[in-house]
> 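Before anything else, here's the structure in question.
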Amino acid sequence: MTPAQAAVESAQLEVRVLRDAVLVLVGAYLLSRLTSAALSAFAERSPTRRITIKMFVPVTSFLIYGVAIYVVVDSVLQLTTAQLLAVSGLIGAGIGFGLKDLVGSAIGGFVIVLENTYQVGDKVEIGEHYGEVSEIGLRATTLITPDDTAVKVPNTTLFTDSIADANDGAPEMMVVVEVAVAPDADLQRATSVVEDALVTSRYVYVDDDHPFVVLVEDDAYYRTIRGKAYVADLRDEFAFASDVTERALVAFDEYGIETPTVPLDSLDDRE
Amino acid sequence: MTDSESDDERAGDARRSGEVDAATLLGEAHETFEDALDGETAVPVAVVGSPFAGREFVLEAAVERLDATRIRFEAADGPPTGSDALDAVGDALESGPVVVEDCQHLYRRTVGGFEALEEFLDLIASADVPVATGWNRYAWTYLAAVRGIDRSFRHRFDVGPVATDRLAELLLSRYDEMPTFVSETTETERPVTLRRREVGWNDLAITVPLPSVTLPIGRDSSDESIDARDVVFERLAAVSQGNLGVATSLWESLHSGELRPSDVVAAGGDVDLDRDEAFCLRIVLSKERVAREELTDVLGVSPDRILGRLDREGLVTVREGLVRLDPAAVPTITDATESRRIP
């Protein structure tokens with residue numbers, strides 16, 4: 001074999017290796033998407049186990065990508081120990097200089113999945129963002145906000161910010177509804193109205209383990225009646241709050257329960 | 001007879017005198033039930049049962065045992081606050097034991113819809129005579145969660161499912177004309193067939209095709225007939241969950257001609273419901289009969305379109321302003337509303 005032939009063969013080999021590596025990674029991506037879609041579709045068939053099944057979406061994605069990387073490094077590239085060390089050195093330098101956020105996010109993603117910090121389907125508040133977790137990726141977690149906006153929150157936020165999980169993996173979640181009444185309104189009647197509005201809602205979920213409660217708070221110019229109850233499906237959070245508020249206000253009107261008005265002196269202060 | 005009366009008749013077959021007794025429906029709790037009625041201290045008793053399960057028959061036994069006044073709340077009356085119905089209960093309590101049927105009509109699922117219920121519970125709490133009350137199971141569960149009504153009753157008796165053999169005995173004794181029981185595999189029997197079977201864990205269920213091997217060795221036709229009959233009644237008991245009224249209604253629609261186990265299915269089994277339809281059905285399931293006007297109040301909108309669809313699907317019947325549960329559709333409605341976890 002001439003040197004020219006050897007060079008051509010070597011180039012062909014490198015192209016083939018590169019092609020195989022790309023094929024494995026593309027295959028992993030497609031398999032990950034397919035598995036996620038199948039698990040999500042299966043989860044939607046069971047309202048009570050929806051969140052539990054969706055928990056496996058990021059786990060399977062991480063496993064698939066992990067296996068794909070192992071296959072690429074071990075079988076396709078067939079790196080020697082020296083090459084592996086050299087690549088590790090390059091990666092280390094890359095992390096040190098520019099990829100630390102990306103690697104930090106990937107580690108954050110692993111921690112979220114392993115520690116079960118939150119799951120796909122949970123309603124969470126991360127930093128200033130609130131919404132339903134729709135995807136836990138390698139780099140970021142996607143939240144769907146109440147306004148149907150997809151927000152990508154880097155997984156490193158896990159290490160720097162507090163996370164509030166409204167349902168912690170359960171399909172149901174507690175919703176707090178607040179209604180204000182005038183200081184001289186019939187408080188007993190108003191409390192009874194809010195309680196009835198809570199428990200008669202089509203979205204409510206109530207049993208011994210999911211009780212409801214109505215509390216009253218006094219303020220300078222009004223009193224707040226705060227009702228807390230569960231919805232069977234956390235996606236009904238805002239529909240439930242709206243339904244309860246609307247029916248409570250209609251009943252206030254019927255029973256002559258006054259709602260607060262803006263005090264004149266506070267308007268004067270603004271001027 | 002109107003269609004709605006016909007529905008009532010079909011479901012009511014179960015409680016015709018002499019066919020089924022309170023002991024069958026209450027099982028081991030029957031003795032405790034009689035002791036509770038005979039007790040020296042008057043305590044309110046709750047008889048709780050699924051729609052058409054024979055709750056009325058247990059209350060009939062209570063009427064006979066106590067020589068009580070019988071009062072029944074009606075759907076069309078709406079919540080009977082200050083109405084003749086509650087006044088009648090008050091008057092009856094002064095003269096002796098009382099049996100009150102269909103107490104699920106004492107509330108309406110609206111703001112301010114529990115006043116009559118509270119008034120009724122106050123009445124029986126202060127009564128010094130025995131009081132037996134009948135409740136729809138789904139209404140009872142809801143009211144226990146949101147109003148704690150279970151604390152107002154020292155004794156609660158559940159109308160249980162009827163055993164398969166007793167169910168077969170009751171249904172077969174009622175008709176002269178018998179169907180021809182046919183095994184599923186008699187006509188098209190092959191040694192190996194693929195059948196879809198349900199594989200489930202908790203409330204998850206998927207159907208998967210599994211091979212089924214049948215070897216026609218050592219069988220004669222009489223064995224097949226007996227087997228087919230047993231399988232039909234086992235399936236009837238499973239579909240109706242041992243509910244006598246539901247099983248009777250299903251049987252009424254099946255009992256002539258050839259009958260295979262796969263013919264026994266609940267009405268409306270393949271219907272796809274949205275949330276409003278499921279919620280509406282839950283109200284009807286909890287009340288058994290509901291005035292259309294009450295549904296308008298509960299839903300907050302006209303229920304015409306929803307009721308039209310549910311009627312067409314054979315889940316309810318709507319006649320003269322009254323929405324009635326179809327007995328044959330109770331299993332479907334129960335599954336649909338329980339899976340959505342509507343209380």
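Proteins get letters first, then strands, A, B, ... in listed order; numbering begins at 1 in each.
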> How long is the gap from CD1 on Ile342(B) to CZ on Arg202(A), to the nearest 0.5 Å?
9.5 Å
> Compare every heavy atom of Asp196(A) with every heavy atom of Gly113(B), then report the nearest pair and how far apart it is.
N-OD2, 4.2 Å
> Is atom OH of Tyr65(A) surrounded by more than 12 heavy atoms (other residues, nucleotides or ligands) closer than 6.0 Å?
yes
> May I ask you to check whether over 12 heavy atoms, not counting those of Glu125(A), lie within 6.0 Å of atom CD?
yes
> What part of Glu195(A) gets within 4.5 angstrom of chain B, counting heavy atoms only: side chain, backbone, both, or neither?
side chain
> Measuring from atom OG1 of Thr200(A) to atom CZ of Arg108(B), what distance do you get when rounded to the nearest 0.5 angstrom?
12.5 Å
> Which heavy atom of Val111(B) sits nearest a heavy atom of Tyr255(A), and at what distance?
O-OH, 4.2 Å
> Would you indicate whether Asp218(A), at its atom CG, is surrounded by more than 12 heavy atoms from other residues, nucleotides or ligands within a distance under 6.0 Å?
yes
> So what's closer than 4.5 Å to chain A heavy atoms on Arg147(B): side chain, backbone, both or neither?
side chain
> So which bits of residues 141-150 of chain A come within less than 4.5 Å of chain B, counting non-hydrogen atoms only?
none
> In terms of heavy-atom contacts, does OH of Tyr29(A) have more than 12 from other residues, nucleotides or ligands at under 6.0 Å?
no
> Under 4.5 Å between any side-chain heavy atoms of Arg275(B) and Asp236(A), yes or no?
yes
> Over all heavy atoms of both residues, which pair between Arg341(B) and Pro171(A) is shortest? Give the atoms and the distance, please.
NH2-CG, 3.4 Å
> Sort Tyr203(A) into side chain, backbone, both or neither according to what part of it lies under 4.5 angstrom from a heavy atom of chain B.
both
> Identify which part of Asp209(A) has an atom lying under 4.5 Å from any heavy atom of chain B, answering side chain, backbone, both or neither.
neither
> Do any of residues 181-192 of chain A have a heavy atom less than 4.5 Å from a heavy atom of chain B, and if so, which, in residue order?
Arg189(A)
> Measure across Pro343(B) and Tyr205(A) and return the closest heavy-atom pair with its distance rounded to 0.1 Å.
CG-CA, 4.3 Å
> Just wondering, more than 12 heavy atoms not from Phe62(A) lying within 6.0 Å of its CZ?
yes
> Measuring heavy-atom distances to chain B, does Val204(A) have an atom under 4.5 Å in its side chain, in its backbone, in both, or in neither?
both
